[in-house]
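Shown next, in structure tokens, is the structure this report addresses.
What you see is a predicted model, and the numbers here were worked out from it, not measured in a lab. Residue numbers start at 1 and run along the sequence shown.
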Amino acid sequence: MLNQIYLCAQIKSLDNLRYTPAGLPVLTMWLTHESWQTELQQQYLAKVEIQAKALGDLAENWSYLPGNMVEVSGFLSQKGIYHSRPVLHIQQIREYKG
């Protein structure tokens with residue numbers, strides 16, 4: 001089944017780099033997006049704020065700061081066993097140049 005997200009967003013906030021008990025680097029953040037979309041022939045202002053995380057080398061080599069606009073791709077998964085809120089797992093990122 002397909003679960004692939006592409007999103008242009010602004011980095012709202014970044015947590016400090018942390019490590020799992022197994023030693024895997026994890027960087028958690030919040031992303032915000034706002035754009036005009038067409039729905040039923042009407043313009044609609046779509047806004048979303050979503051938690052995201054980067055793992056491994058992507059987390060360790062992170063060079064983006066809050067306020068930066070980025071293009072990300074990845075997949076959605078629930079936050080945890082007891083938390084069904086979605087989290088975007090970032091697999092690729094690059095600076096958004098408009």
For [X], is the [atom1] atom crowded, meaning more than 12 foreign heavy atoms sit under 6.0 Å from it?
X     : atom1 : value
Glu49 : CD    : yes
Tyr19 : OH    : yes
Tyr44 : OH    : no

So which heavy atom on [X] is nearest to which on [Y], and how close?
X     : Y     : value
Ser73 : Gln4  : CB-NE2, 3.9 Å
Cys8  : His33 : O-ND1, 2.6 Å
Ala59 : Pro25 : CB-O, 3.9 Å
Leu31 : Ala52 : CD1-CB, 3.8 Å
Leu27 : Trp62 : CD2-CG, 3.3 Å
Ser77 : His89 : CB-NE2, 3.6 Å

Would the distance check show the side chain of [X] and the main-chain N or O of [Y] forming a donor-acceptor pair, the cut-off being under 3.5 Å?
X     : Y     : value
Asn61 : Leu58 : no
Gln78 : Gly80 : yes
Thr20 : Leu24 : yes

Q: Measure the spacing between OG1 of Thr32 and CD of Gln10 and express it to the nearest 0.5 Å.
A: 5.0 Å
Q.
Working to the nearest 0.5 angstrom, can you tell me the gap between Glu71 CD and Gln92 CD?
A.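 These two atoms lie 10.5 Å from each other.
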Path from [X] to [Y] over hydrophobic side-chain contacts below 4.5 Å:
X     : Y     : value
Ile90 : Val70 : yes
Ile50 : Met29 : yes
Val72 : Leu76 : yes
Leu7  : Trp30 : no

Using side-chain heavy atoms (C-beta onward) and a distance below 4.5 Å, is [X] in contact with [Y]?
X     : Y     : value
Ile11 : Leu65 : no
Val26 : Leu17 : no
Tyr64 : Leu14 : no

(Q) Could you walk me through whether Gln51 and Thr28 satisfy the side-chain hydrogen bond (donor to acceptor under 3.5 Å, both in side chains) test, starting with their C-alpha distance in whole Å, then the side-chain angles of each, then the deciding distance to 0.1 Å, before giving a yes or no? (A) CA-CA 7 Å; Gln51 188 176 20; Thr28 303; 5.0 Å; no
**Q.** Distance-only side-chain donor-acceptor flag, Ser35 / Gln37, under 3.5 Å
**A.**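 Short answer, yes.
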Q. Could you walk me through whether Leu45 and Glu34 pass the side-chain contact (heavy atoms from CB on, under 4.5 Å) check?
A. CA-CA 7 Å; Leu45 182 58; Glu34 186 174 306; 3.6 Å; yes
